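Residue numbers start from 1 in every chain, and the chains themselves are labelled A, B, ... in the order their sequence lines are given, proteins ahead of strands. Values below: all heavy atoms of this structure, side chains included; hydrogens, waters and symmetry mates excluded. These numbers come from a predicted model, not from an experiment.
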2 protein chains.
Amino acid sequence: MKTAKTVASLKTVASLAGVSIATVSRVLNGDPVVKDETRLAVQRAIKTSGYHPNRVAQRLRSTNRSKKLIGLLIPDIQNPFYVDVIRGIEEYAYANGSAVVIGNFSQDPKREKLYIDILRSESVDGFIVAPSHGKDQDVEELINDGHAVVCIDRGLSNLNVDVVKSDNEKGAFNAVAHLIKLGHKRIAHITGDPAIPTTQERIAGYIAAHKHYGIRVDQKIIKGKESNFISGVEITKQLLALPDRPTAIFTANNLLTLGALETILQQELKIPEEIAIVGFDDVYWATSLNPPLTAVRQHGFEIGQRAIELLYQRIQQPDRLPANVIVKTELMIRRSCGFK
Amino acid sequence: MKTAKTVASLKTVASLAGVSIATVSRVLNGDPVVKDETRLAVQRAIKTSGYHPNRVAQRLRSTNRSKKLIGLLIPDIQNPFYVDVIRGIEEYAYANGSAVVIGNFSQDPKREKLYIDILRSESVDGFIVAPSHGKDQDVEELINDGHAVVCIDRGLSNLNVDVVKSDNEKGAFNAVAHLIKLGHKRIAHITGDPAIPTTQERIAGYIAAHKHYGIRVDQKIIKGKESNFISGVEITKQLLALPDRPTAIFTANNLLTLGALETILQQELKIPEEIAIVGFDDVYWATSLNPPLTAVRQHGFEIGQRAIELLYQRIQQPDRLPANVIVKTELMIRRSCGFK
DNA sequence: ATTAGTTGTGAAAACGTTTACATAAATCTA
DNA sequence: TAGATTTATGTAAACGTTTTCACAACTAAT
């Protein structure tokens with residue numbers, strides 16, 4: 001039977017129940033004005049016809065619906081941190097009968113723009129975005145055009161906007177402090193792309209920890225170019241080739257950590273005896289590493305949840321003051337940085 | 001300036017260009033019938049008004065549009081294999097101006113059903129689904145209702161449908177054959193959920209390799225319950241406690257591998273000297289493991305691409321015969337299973 | 001100069017909803 | 001009992017498109 005059944009619409013239900021489509025619509029939307037008797041007849045008709053509301057028509061017609069469509073702009077879906085964020089968002093969304101359209105722009109501002117255009121055309125009710133950089137024109141425009149937007153992981157420098165992110169500075173501080181307390185005095189920092197705000201915040205935490213414990217900061221061993229695996233490999237190589245090689249490395253995200261690990265492995269250095277390592281971003285496979293990795297855990301799931309809560313609020317109340325939610329991080333101490 | 005600008009519509013453009021909305025629509029859809037002069041005027045008006053087509057209205061009105069909305073039902077977005085699949089789909093989709101709505105149902109048939117309902121209401125043009133099991137009623141219903149559906153990773157037992165998946169049996173065969181060739185005679189297999197078709201196929205490959213090399217199969221060391229981390233931990237513990245402990249383990253997916261690795265690590269056994277391991281599913285961090293993990297690589301990205309290509313074809317030609325695409329796997333030999 | 005055909009455009013219906021407004025029926029008030 | 005109010009429902013417009021059909025203005029053919 002390949003003939004596509006025509007799906008039931010309001011009209012179908014209406015004629016089945018012997019009422020007008022307006023009444024059916026009222027029943028669907030829980031309007032208390034309809035007579036109980038009518039309501040029951042309509043509900044019966046809905047059942048027997050197998051009617052499901054057409055969200056496309058709903059979206060076209062009204063701007064004030066409860067079941068929403070949320071647009072999600074993610075810089076890198078391969079990064080487990082963002083996967084956690086997505087899960088947090090999705091969980092909340094579907095619990096509220098909303099759906100999530102996803103755009104993974106791989107840190108490419110051009111793709112980001114493309115996706116924004118598409119999502120806009122789909123009339124999504126709101127956006128959750130990790131802007132590709134601090135002065136992201138496209139996201140700014142989105143906001144200026146009156147769309148509901150919540151930023152995750154990074155804010156916007158020119159615009160006051162809802163932001164949910166980790167406490168990057170404190171997270172970095174704790175990681176580095178932990179290394180210092182273990183006796184390390186020469187700790188390198190492999191940073192992410194310097195253009196990204198989080199990178200700067202993590203550097204700040206790294207420096208603050210040094211200051212706090214009275215250890216000199218050597219700018220030469222704070223290095224970074226991009227936030228990817230290759231960059232992690234390259235910079236680790238450079239660091240390990242140094243005459244006064246650091247005894248520990250603090251990497252600014254999970255891809256850099258991976259690059260560093262691979263390089264250390266290739267050079268057959270023992271972790272943590274010959275080189276200790278602490279990474280920003282905990283990952284679910286960190287405990288299966290040999291040795292298990294000490295890492296700064298970001299609560300991605302919670303970040304996602306908070307973001308979508310803020311978004312719902314923003315949609316209902318477009319003029320409320322922008323909120324700035326900082327989610328705490330947690331240092332997961334394992335064995336990659338040595339024992340006391 | 002918080003007052004939401006009203007966005008430009010066909011009407012806006014039409015009045016700006018001094019033509020009817022029908023003409024504007026024709027220009028947008030490249031209808032050759034319009035006079036060049038008119039076309040230019042309309043194009044100018046489109047530019048100055050900043051008009052973008054409203055895809056919601058388009059979707060409501062016509063069933064035959066080129067920019068599509070694709071619904072994606074993923075069993076587990078935390079599994080890197082599916083992330084690759086998503087990327088393959090997304091890449092193709094966005095290159096064609098289509099968007100992707102995602103539903104991650106975490107292996108939960110109830111959530112799967114919920115998502116199917118929502119995506120259906122969003123009038124998506126087609127679905128790509130990894131059915132939660134072989135006789136997934138909800139997916140069957142979807143197909144019977146005339147929707148375009150392509151299955152990934154697993155097919156449907158009662159229905160002939162487009163399927164794209166890995167060559168599970170051969171992949172498992174190669175992995176186990178590799179271990180045998182290295183001299184292993186007692187190889188355990190930690191399987192996924194026995195209800196999932198892929199699990200059975202991988203078991204079949206495991207057995208075939210034994211048969212092929214004339215090695216007895218010991219059913220006692222083929223064990224599995226669920227496809228998750230915990231299951232990997234538990235079964236590895238059981239296996240390692242055996243009096244005649246296997247010298248190698250073949251794990252049926254990346255989560256099981258992770259569970260096995262953690263357990264092996266905790267018991268401080270040396271890989272591969274004391275216990276070798278080969279996993280189904282290569283992951284991007286496999287080379288950063290210590291030692292790097294030998295694994296059967298599934299080409300998730302390619303699977304995604306093939307799936308969405310099939311879906312586009314299916315949409316255009318609903319009656320074409322279902323295709324069955326088998327994507328080859330690749331054994332990535334690293335150091336977790338010993339040297340010759 | 002009339003007819004027939006061609007070319008470009010506009011008017012209007014349709015998609016499936018929501019919602020402002022009108023209206024009929026029922027109830028209340030004096 | 002007539003008018004006023006309340007209650008329940010229906011009518012029709014609107015959202016932004018696509019698309020069928022009609023029609024006007026030309027051009028070509030007789």
What's the angle between the local helix axes at either end of the helix from C/dA1-D/dT30 to C/dA30-D/dT1, using five pairs per end and rounding to 10 degrees? 60°

Students often get this wrong, so: under 4.0 angstrom with heavy atoms, is B/S62 touching a base, only sugar-phosphate, or nothing? sugar-phosphate

Could you state the NZ-P distance from A/K11 to C/dA13, rounded to the nearest angstrom? 14 Å

Within residues 30-48 of chain A: residues closer than 4.0 Å to DNA chain D (heavy atoms): A/V33, A/V34, A/K35, A/T38

More 5' along DNA chain C: B/L60 or B/S20, using each one's nearest nucleotide? B/S20

Using a strict cut-off of less than 4.0 Å between a Lys/Arg side-chain nitrogen and an Asp/Glu carboxylate oxygen, indicate whether B/E122 and B/R59 qualify as a salt bridge. no

Just by distance, with hydrogens left out, do A/E140 and A/N158 show a side-chain donor and acceptor under 3.5 Å apart? yes

Determine: side-chain N/O of B/T23 to OP1/OP2 of C/dG10, distance under 4.0 Å, yes or no. yes

May I have the distance from A/R26 (atom CZ) to C/dC21 (atom P), rounded to whole angstrom? 14 Å

Between C/dA13 (P) and B/I21 (CD1): distance, integer Å: 13 Å

A/R314/A/E309 salt bridge by N-O under 4.0 Å criterion: no

Under the salt bridge (charged side-chain N to carboxylate O under 4.0 Å, His left out) test, which residues partner A/K165, sequence neighbours left out? A/E201

Rounded distance (Å) that lies between atom P of C/dT17 and atom CZ of B/R59: 15 Å

If you take atom types as modelled and just measure distance, does the side chain of A/R61 reach the base of C/dT17 with a donor-acceptor pair under 3.5 Å? no

At a 4.0 Å cut-off to heavy atoms of chain A, the contacted part of DNA chain D spans D/dA8 to D/dG16

Quick one: label A/V56 by what it contacts on the DNA or RNA (base, sugar-phosphate, nothing), any heavy atom closer than 4.0 Å. nothing

List the atom of A/S166, the atom of A/I303, and the distance in Å for their closest heavy-atom pair. OG-CD1, 3.4 Å

Restricting to side chain to side chain contact (heavy atoms under 4.5 Å, CB included), what partner residues turn up for B/Q313, sequence neighbours left out? B/L310, B/R320

Give every donor-acceptor pair under 3.5 Å between a side-chain atom in residues 82-96 of chain A and any protein atom, sequence neighbours left out.
residue, atom, partner, partner atom, Å
A/Y82, OH, A/D153, OD2, 2.7
A/Y82, OH, A/R154, NH2, 3.1
A/D84, OD1, A/R87, NH1, 3.2
A/E90, OE1, B/N104, ND2, 3.3
A/E90, OE2, B/N104, N, 2.5
A/Y94, OH, B/I102, O, 2.8
A/N96, ND2, A/Y92, O, 2.7

For A/A45, does its backbone N or O pair with a side-chain atom of A/S49 as donor and acceptor, under 3.5 Å? yes

